[in-house]
Participant: 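Take this structure, written in structure tokens, and hold onto it; I'll ask about it next.
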Amino acid sequence: MKRNGLRQLEAALWELPVSFKKGMKVPVHIAGTEKLIGGMDDAVFDQISNVASLPGILDRAWCMPDGHKGYGFPIGGVAAFDAEEGVISPGGIGFDINCGMRLVTSSLTWEELRPNLRELVDTLYSRIPAGVGGEGALNLSLSEFSDLCHEGARWCLKKGYAGQEDLARTEDEGCMDDADISAVSREALERGRTQVGTLGSGNHYLEIQVAEPGNVRDMDTAAVFGIERPNQIVVMFHCGSRGFGHQIATDYLKLFTKISHAKYGISVNDRELACAPFAAPEGQAYYRAMCCAANMAFANRQIILHLLREVFSEVLGKGPAETGLRQIYDVTHNTARVETHLTDGVEKRVLVHRKGATRALPPGSVDLPPEYRRTGQPVIIGGSMETGSWLLAGVSGGARSFFSSAHGSGRVMGRRQAKKQFSLDEIEKRLEEEEIYIRSSSRGVLAEEAGPAYKDIDEVVRASEAAGLSAPVVKLVPVGNIKG
DNA sequence: ATGTCC
């Protein structure tokens with residue numbers, strides 16, 4: 001599949017019209033600079049046009065500027081479906097349900113933290129389980145885990161692992177209300193209950209970052225978000241629902257492939273786009289199970305924040321008030337949510353799939369905590385361990401993409417190629433020169449996650465801004481990182 | 001992403 005027919009609408013906005021491929025119900029919009037679009041794999045255009053052919057899709061299928069090839073949907077895909085006529089697809093959400101980002105500010109500066117950096121990273125690494133198959137300190141019974149799946153971050157508040165402000169500054173306040181454990185397999189529950197408070201593997205990490213004064217693009221918004229001192233330390237982390245969400249996605253992909261297509265007369269261009277009508281019992285069951293995984297992931301990140309606060313206090317010998325580890329925001333980038341949007345001039349209840357895409361609410365949104373209603377939602381874009389990450393804010397122009405923005409840099413090469421191409425010695429030498437201290441359970445992960453394996457994050461941010469999806473606030477550069 | 005293959 002080639003990209004013939006792709007046309008440029010604006011400096012950073014491109015369209016695949018419905019004539020691009022037979023069966024497309026709506027056009028595709030892709031945000032990206034010429035450079036990013038040029039570097040996109042042809043598979044991205046193929047995949048997102050398949051998405052635009054799914055039953056009940058509304059308005060446009062979107063691909064964010066960090067888009068790359070994924071399972072069925074591209075990573076960076078956004079699609080809204082009519083809640084009555086449309087479908088829900090596990091491939092449009094991702095195997096790692098509610099994979100997301102949390103950003104935490106502190107009252108420390110790099111100068112103050114620097115002497116303790118190594119000890120801090122070593123202690124975080126020993127306290128926060130990371131890596132494939134990692135199990136957490138909380139060994140929950142099935143009944144406790146069931147409560148956690150229904151209550152999300154509220155469970156953590158009840159157990160003393162969260163503060164009220166943490167919940168207020170989490171998407172959906174850390175709980176999707178439609179969770180129903182009866183839709184989750186025994187196997188998924190058994191995998192999930194030991195994994196609360198664990199980071200995972202691959203590109204999941206926890207990173208200590210610095211907000212250098214030269215990297216602040218919007219001082220007023222940064223200050224509202226709690227970043228106001230030169231070289232202030234912040235902590236960003238990225239993880240999801242571990243084997244729990246993965247098992248739920250696997251269970252329902254199998255079910256949808258086996259039953260739903262024949263039963264509901266659905267045909268898809270790619271078997272990886274297995275789906276069910278959202279309103280049908282099978283679609284509702286997956287959605288309710290998905291909400292359980294979303295809640296597990298919110299709780300997972302909340303427990304990690306709790307561990308982070310403990311370690312900072314212990315290593316630095318300071319109380320919580322002195323370390324000042326306050327959550328800026330927590331946002332999911334692998335989910336489906338029921339939202340109200342204007343499509344064709346009519347307000348409609350729609351199911352928005354965001355896979356590798358961040359919700360980005362505009363200023364004034366009532367779904368934001370009051371302190372952020374003037375600025376818009378904090379949008380957290382995680383970069384590679386070498387190149388830095390960005391904090392942006394939602395803007396009113398984001399209405400065109402169902403208020404969605406990019407989520408990361410996006411890979412430019414597969415893990416296998418990265419391992420083949422990059423020398424571990426060179427990466428380690430470079431990290432030392434750049435003064436980035438990393439602890440990882442696997443040396444191979446270092447090559448897979450090396451900076452050059454990813455797109456230029458500054459270019460992704462430029463595209464997000466130029467396409468009117470979100471506005472840059474501050475770039476954050478890494479000094480310490482733990483990963484699986 | 002993932003008890004990295006049922």
Side-chain angles (χ1 to χ4, degrees), chain A residues 43 47 66-77 89-102 129-136 139-140 145 184-206 237-255 257-258 272 274 286 289-290 292-294 296-298 300-301 304 331-336 353-358 382 384-385 407-411 413-420 440-449 453-454 482-484:
Chain A
Q47 290 190 322
D66 52 336
H68 54 115
K69 188 186 167 188
Y71 182 91
F73 279 56
I75 293 153
S89 173
I93 291 156
F95 278 86
D96 189 6
I97 295 164
N98 190 4
C99 185
M101 307 289 311
R102 187 171 292 213
V132 176
E135 298 197 342
N139 199 341
L140 301 178
F145 186 63
V184 178
S185 71
R186 183 82 187 188
E187 191 178 10
L189 293 171
E190 283 299 339
R191 276 182 80 169
R193 69 184 180 85
T194 57
Q195 295 185 318
V196 180
T198 66
L199 206 46
S201 175
N203 68 350
H204 287 161
Y205 61 84
L206 179 146
F237 52 96
H238 176 217
C239 63
S241 52
R242 306 290 327 283
F244 183 55
H246 193 278
Q247 189 62 49
I248 288 171
T250 305
D251 291 341
Y252 280 93
L253 273 167
K254 271 189 206 154
L255 177 76
T257 308
K258 210 165 104 185
E272 295 183 354
Y286 169 60
M290 186 215 80
C292 289
M296 186 276 197
F298 283 133
N300 191 22
R301 292 195 287 275
I304 290 173
V331 69
T332 162
H333 53 226
N334 277 9
T335 196
H353 290 61
R354 292 190 184 88
K355 181 197 195 176
T358 300
S384 79
M385 63 189 186
H407 84 303
S409 336
R411 299 192 73 90
M413 65 180 77
R415 299 181 174 279
R416 205 186 322 184
Q417 197 193 333
K419 262 185 177 162
K420 205 167 80 183
S440 171
S441 66
S442 141
R443 271 186 102 224
V445 168
L446 282 188
E448 293 177 0
E449 297 302 319
Y454 283 89
I482 68 168
K483 58 200 319 88

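What's counted below: heavy atoms across the whole structure, side chains too, no hydrogens, waters or symmetry copies. From a predicted model like this one, the values you see are computed outputs, not experimental measurements. Just so we're on the same page: letters track the sequence lines, and every chain starts at 1.
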Participant: Within this structure, what is the CG-to-P distance between A/Leu253 and B/dC5, rounded to whole angstrom?
Facilitator: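 Distance check: A/Leu253 CG to B/dC5 P gives 16 Å.
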Participant: To the nearest Å, give me how far apart NZ (A/Lys419) and C1' (B/dT4) are.
Facilitator: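 The answer, rounded to whole Å, is 9 Å.
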Participant: Scan A/Glu187 against the nucleic acid and name what it touches under 4.0 Å (heavy atoms): base, sugar-phosphate only, or nothing.
Facilitator: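 Contact class for A/Glu187: base.
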Participant: Considering residues at least two apart in sequence or located in another chain, which fulfil the side chain to side chain contact (heavy atoms under 4.5 Å, CB included) criterion with A/Ile75?
Facilitator: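 With neighbours one apart ignored, the set is A/His68, A/Lys355, A/His407.
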Participant: Counting any heavy atom closer than 4.0 Å, what does A/Thr250 reach on the DNA or RNA strands: base, sugar-phosphate only, or nothing?
Facilitator: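 No contact.
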Participant: Using heavy-atom distances to pick each residue's nearest nucleotide on DNA chain B, tell me which of A/Val132 and A/Arg415 is more 5'.
Facilitator: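 The residue whose closest nucleotide sits nearer the 5' end is A/Arg415.
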Participant: Whole Å only: how far is the CZ atom of A/Arg242 from the C1' atom of B/dT4?
Facilitator: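 Taking atom C1' of B/dT4 as the reference, CZ of A/Arg242 is at 12 Å.
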Participant: Does a donor on one side chain and an acceptor on the other come within less than 3.5 Å for A/Asp251 and A/Ser185?
Facilitator: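 Per modelled atom types, A/Asp251 and A/Ser185 side chains form a pair under 3.5 Å.
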Participant: Check every strand shown and say whether A/Arg416 touches a base, only sugar-phosphate, or nothing at a heavy-atom separation below 4.0 Å.
Facilitator: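 Answer is nothing: A/Arg416 stays at 4.0 Å or more from every strand.
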Participant: Just how far, in rounded Å, is C1' of B/dC6 from NZ of A/Lys258?
Facilitator: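 So the two atoms are 14 Å apart, to the nearest Å.
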Participant: For A/Phe298, check ring-ring contact (aromatic ring centres under 6.0 Å, His included) against everything at least two apart and list the hits.
Facilitator: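 Counting only residues at least two positions away or on another chain, A/Phe298 forms no ring-ring contact (aromatic ring centres under 6.0 Å, His included).
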Participant: DNA chain B: A/Lys254 or A/Phe95, which has the more 5' nearest nucleotide?
Facilitator: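 Nearest-nucleotide comparison on DNA chain B picks A/Phe95.
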Participant: Rounded off to whole Å, could you give me the CD-to-C1' distance for the A/Gln195 and B/dT4 pair?
Facilitator: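 Going from CD in A/Gln195 over to C1' in B/dT4 covers 14 Å.
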Participant: Between A/Glu449 and A/Arg411, does any NZ, NE, NH1 or NH2 come within less than 4.0 Å of an OD or OE carboxylate oxygen?
Facilitator: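 So A/Arg411 pairs with A/Glu449 through a salt bridge.
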